[in-house]
Structures are given as C-alpha cells and as structure tokens.
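Below: the structure, in structure tokens.
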Amino acid sequence: MTASKTVNIIGGGLAGSEAALYLSARGVSVRLFEAKPSWRSPAHKSADFAEIVCSNSLKSTAETTASGALKNELGVMGCALLNIARQNAVPAGSALAVDRDRFSAAVTDEIRSRENIEIVNRIVRDIDVSEPTLVCAGPVCHDDLAQSLVALTGERSLHFFDAAAPIVTAESIDMSRAFFGARYGKGGDDYLNCPMTKDEYLAFHVQLINAERVVDEIGGVFEGCMPVEVMAARGVDALRFGPLRPVGFRDAGKPYAVLQLRRENCAGTLFNLVGFQTNLKFGEQKRVFSMIPALQAAEFVRYGVMHRNTFINAPVALNSDLRLKNYPNVFIAGQLCGVEGYVESIATGLLAAINVERMLRGEPTVVPPVETVLGALCNYITLPNVNFQPMNANFGVLPPMDSVKKAERKRAYYDRSDLKIREWAQSAIYGG
C-alpha cells in the first residue's frame, strides 16, 4: 500500500504526463502543474498535455535499433503513452509516427479522467524541496523555473538550440513532380519524395545557405536535430549525404537530390519536410523551400521554428535514479535531465515515477541494468563529463558485445535488453 502523500509533477509534457498516469494508476495522488494555457513557450501551440512540437515520429520500432529496443523496454514496463501512441499512429514504415493532435487529445482525456490527478494551471517559479516532486517542465521551461533549478543544483543551466521542420498541405504539392516510396523499400509508400536535378539543387543550396535566419549565431546545436541551413553550410554536398540523399529509389531515374515528406496526420492531408528543421525567417522558408520543384506552390501550415532547450548539468547534479543529489525529494525527468528525444523523455518520466512511488513506500530507488537502453542512458547522463551534452537512445551507450559477430550485434543488443528489462521489471515494478 502506497503511503498517503501527494506528488507534485511540474510540467504536463511527455515525461510529466507519463509520470502522472503511472502514479495515478498505482493509487498515488498527483498534483500536476501546467503553465498552459496562460503561458506557452515559443514551441507550443496547443492547450493539451503531451504536446509534440518537432516531428511526429517516435522513431523506429525495428528490433535492430536502439529506439526499437527502448520501446520494447517501455512496453514491458507498462508505459501508458506508448499504448496511446500506437492507438493514434499514422503510416510511417518501420517508424512509430502519430497524429499529433489526436495523440495529445487522447493523453489529455486520460489525465482528466483520473480522479486522483489534480490539474493546476499556473507557472511554478520555485520548487518546494520538502515535498515529493518530479520536475518534467521540458526543454523550453519558464525562465523563473530554470533559475530555481540553477539555485538547487549549484550549477548554471546549460542550453542548446533545437529546431522544428515545416509542414505543408498535401493538396498544394505538385504530385506530377513527386513520387511515393521509401528508400530501399523500407516503409512502402509511406513517404512522398521530391526529386531535384543538379541545377535545381545547386540553385537551392546557394539560396539556403545565404537566407536570413532568426538567430545569426547558433551555439551548441544538437547533431540529431540540426537546422538544415547549418548542415548545408558544411559543404555543397552535405545535404546529399544527409536528408536529401538520392539513393535507394527504384524506377525513379537518377535524381541528383531527393527531399522526403512524411504524413503528418492520419488523413494524409499534411506532410512534414523530413530533416528540414530550420531557423530561417518565415518568409525565407517560403521563398527558399518553394524552390524545390514539387513545392513551388506549397501551402505552409506551420513554419519551422528555433527554440532554446534547457537541461541541467546531470553529471554534477543528478543520480542515475534521476534524483537530485542534494535534494532527495526532487526528481528530474524528460529533456531537462539530459536525454534527447520523445521516447527518451517518456522513459525517464516513467522511471522517475517508479522511483518516487518506491520512495513513498520506504523502498530504495532503482535503475534498470546498464544492458538496457534506459539503464545505459541513465548511466551515461550521470557519469563525469566536463563537456556534457544531451544523449538519445543508441547502442553506443550500452556495454559492448565484442564476442558477437558484427552483423548480428544489433539484434543481440536488443535481445539482451529484452531479457534484462523483464528480469528487472518483475522485481522493481511488479513485485515478483
């Protein structure tokens, strides 16, 4: 029986929503603080919980990827948001992509249906360290809350810039200059491809690298979500080895570069420009991206945006169980704790909730084994690191399996994580 105590959760994003639903289901009273709708970061538009703001893709489900392994771990752990995501999925090949509006609405409905979740719509400016608290305010939290975190950790909050890609309407795309299909057949017809000739690409590249940006100097850009203009500036062929690579298409002739569009919603009326996160001014986005032949008349329903991502210096301030070293009542989850990515945020929200419940029971906190993706991430973000930057799910953070043949190693990592998470969850979550 869980001790009678209310847990404060600051932030109703992916991590906070997952934590609230887990604790509520375990009989714990939750006070969920959400600044919306009175205050929103530049990246947020909806009043719903668990708003997804960058891509609608929760990445691969393949059993040869770290992202697929992490989703499997979350499934074993009883992740609520993963189930909701699958119920609101849109076609995206081997990736788990969602209709963002439907997903957030479903999470909001579920949270509002729980009688033991009290929703408080206001900005939290100070963290009460005397009460059990999960800080899941996200990477673009209010400045006052960020300063409160600085005061608690004794370290200046770090930050980097993240970027979101534009969205266009399907009916405005010139389908005569585009074709459906996935690279190397992975994903069937879930992607719409926009080819470019050499002359078209070179003209586009010149305009892209010289277009006017919202922020002239960008420091500490995360490599996994780099603005397309920053990548393009690294060399004339940088995009052709990245998001515009023209390989893997059958019966498409020999395009010089290919932009892929991914369905943004179930109805297929909106498409996201894959890999085109950007910091260009809105007018420049319209001008430059419309140089792509299939997008000459494109209607942009959302332009790309650039926003600050804030995260704590986890190696200095945080234990691997996601608890602040100097304040045992306070846990940090989501991108604030130094992980990068939607599924990673959900995973840390779930682990923080597991641990705060165990704390209420008077039991020791737990961390999944380092052979799991979640356990390895928690280990990575809390190891000493003078140049700490956020990390997403990848097999590189796991203990190596050098004895396994290279061709079989990814699947071996997946199988090992599956075994370890099941053993761990049986004792840590289900009490077996």
Compute whether any side-chain donor of one residue and acceptor of the other, for Thr278 and Glu229, lie under 3.5 angstrom apart. yes

Are any side-chain N or O atoms of Arg234 and backbone N or O atoms of Leu239, one a donor and one an acceptor, separated by less than 3.5 Å? no

Interatomic distance, CG@Leu273 vs CZ@Arg262, rounded to 0.5 Å, equals 10.5 Å

Beyond-backbone contact of Phe271 with Leu192, side-chain heavy atoms, under 4.5 angstrom: yes

Please name the pair of heavy atoms, one in Arg183 and one in Arg245, separated by the smallest distance, quoted to 0.1 Å. NH2-O, 2.9 Å

Is there a donor-acceptor pair under 3.5 Å between the side chain of Glu18 and the backbone N or O of Ala80? yes

Can you name the closest pair of heavy atoms from Ala333 and Ala352 and give their distance? CB-CB, 4.0 Å

Any side-chain to backbone donor/acceptor pair from Thr64 onto Arg411? Under 3.5 Å, distance only. no

Donor-acceptor pair, distance only, cut-off 3.5 Å: does the side chain of Arg409 make one with the backbone of Val404? yes

Look at the rings of Phe395 and Tyr413 and say which category their plane angle falls in: under 30° parallel, 30 to 60° tilted, over 60° perpendicular. parallel

Check whether any side-chain heavy atom of Ile354 lies under 4.5 Å from a side-chain heavy atom of Met77, and answer yes or no. yes

The test is side-chain contact (heavy atoms from CB on, under 4.5 Å); show your working for Leu244 and Phe276 and say whether it passes. CA-CA 10 Å; Leu244 297 186; Phe276 264 44; 3.8 Å; yes

Over all atoms of both residues, closest heavy-atom pair of Ala106 and Asn88: CB-ND2, 3.9 Å

Listing, residues 66-73 side-chain donor-acceptor contacts under 3.5 Å, not counting sequence neighbours, or none:
unit_1: Ser67; atom_1: OG; unit_2: Ser60; atom_2: O; d: 3.2
unit_1: Ser67; atom_1: OG; unit_2: Lys71; atom_2: NZ; d: 2.6
unit_1: Lys71; atom_1: NZ; unit_2: Leu58; atom_2: O; d: 2.5
unit_1: Lys71; atom_1: NZ; unit_2: Lys59; atom_2: O; d: 3.4
unit_1: Lys71; atom_1: NZ; unit_2: Ser60; atom_2: O; d: 2.8
unit_1: Asn72; atom_1: ND2; unit_2: Asp418; atom_2: OD1; d: 2.9
unit_1: Glu73; atom_1: OE1; unit_2: Val373; atom_2: N; d: 3.4
unit_1: Glu73; atom_1: OE1; unit_2: Leu374; atom_2: N; d: 3.1
unit_1: Glu73; atom_1: OE2; unit_2: Val373; atom_2: N; d: 2.7
unit_1: Glu73; atom_1: OE2; unit_2: Ser417; atom_2: OG; d: 3.4

Does any part of the side chain of Arg26, heavy atoms only, come nearer than 4.5 Å to the side chain of Asn116, both counted from C-beta? no

Hey, is the main chain of Ile127 close enough, under 3.5 Å, to the side chain of Ser148 for a donor-acceptor pair? yes

Heavy-atom count around Lys281 NZ within 6.0 Å, excluding the residue itself: above 12? no

Does Gly181 offer a backbone N or O that forms a donor-acceptor pair with the side chain of Asn193 under 3.5 Å? yes

Going through the checks in order, is the side chain to side chain donor-acceptor pair (under 3.5 Å) test met by Asp48 and Ser104? CA-CA 6 Å; Asp48 285 339; Ser104 295; 5.6 Å; no

Test side-chain contact (heavy atoms from CB on, under 4.5 Å) on Asn329 and Met359; report intermediate values, then the result. CA-CA 9 Å; Asn329 280 334; Met359 181 182 74; 3.8 Å; yes

Working to the nearest 0.5 Å, report the span between CD1 of Ile292 and CG of Leu259. 4.5 Å

What one should report as the nearest heavy-atom pair of Gln285 and Pro166 is OE1-CG, 3.5 Å

Carefully, step by step, assess Val214 and Val305 under the rule side-chain contact (heavy atoms from CB on, under 4.5 Å). CA-CA 9 Å; Val214 176; Val305 295; over 6 Å; no

Side chain to side chain, Thr310 and Leu149, heavy atoms closer than 4.5 Å: no

Where Val366 and Ala428 come nearest, the two heavy atoms and their spacing: CG2-CB, 4.0 Å

Between Thr382 and Asn319, is there a donor-acceptor pair closer than 3.5 Å when you use the side chain of the first and the backbone of the second? no

Just checking, is any N or O donor in the side chain of Asn379 or Ser320 under 3.5 Å from an acceptor N or O on the other one? no

Could you tell me whether a side-chain N or O of Ser427 sits under 3.5 Å from a main-chain N or O of Trp424, the two making a donor and an acceptor? yes

Correct closest heavy-atom pair for Gly334 and Thr348 would be N-OG1, 2.8 Å

Please confirm whether the backbone N or O of Glu110 pairs with a side-chain atom of Ser113, one donor and one acceptor, at under 3.5 Å? yes

Do Lys36 and Glu51 sit within salt-bridge range, that is, some charged N less than 4.0 Å from a carboxylate O? yes

So do the side chains of Phe388 and Ile381 get within less than 4.5 Å of each other, counting heavy atoms only? yes

Under 4.5 Å between any side-chain heavy atoms of Asp99 and Arg263, yes or no? no

Counting distance only, does the side-chain N/O of Asn56 pair as donor-acceptor with the main-chain N or O of Ala97 below 3.5 Å? no

Extract all donor-acceptor atom pairs below 3.5 Å that involve side chains of residues 131-140 and protein atoms in other chains or at least two apart in sequence.
unit_1: Glu131; atom_1: OE1; unit_2: Asn8; atom_2: ND2; d: 2.5
unit_1: Thr133; atom_1: OG1; unit_2: Glu131; atom_2: O; d: 2.9

From Tyr430 atom OH to Arg422 atom CZ, the distance as rounded to the nearest 0.5 Å: 9.5 Å

Ile332 versus Ile312: any side-chain heavy-atom pair under 4.5 Å? yes

To the nearest 0.5 Å, what is the distance between CZ (Arg358) and CD1 (Ile429)? 9.5 Å

What distance separates Ile346 CD1 from Leu81 CG, expressed to the nearest 0.5 Å? 5.0 Å

When rounded to the nearest 0.5 angstrom, what is the spacing between CG in Leu74 and CD in Glu344? 9.0 Å

Taking the side chain as C-beta and beyond, is there a heavy-atom pair between Pro243 and Val274 under 4.5 Å? no

Gln277 vs Met226, side-chain contact (heavy atoms from CB on, under 4.5 Å): CA-CA, chis, key distance, verdict: CA-CA 7 Å; Gln277 303 89 352; Met226 179 179 295; over 6 Å; no

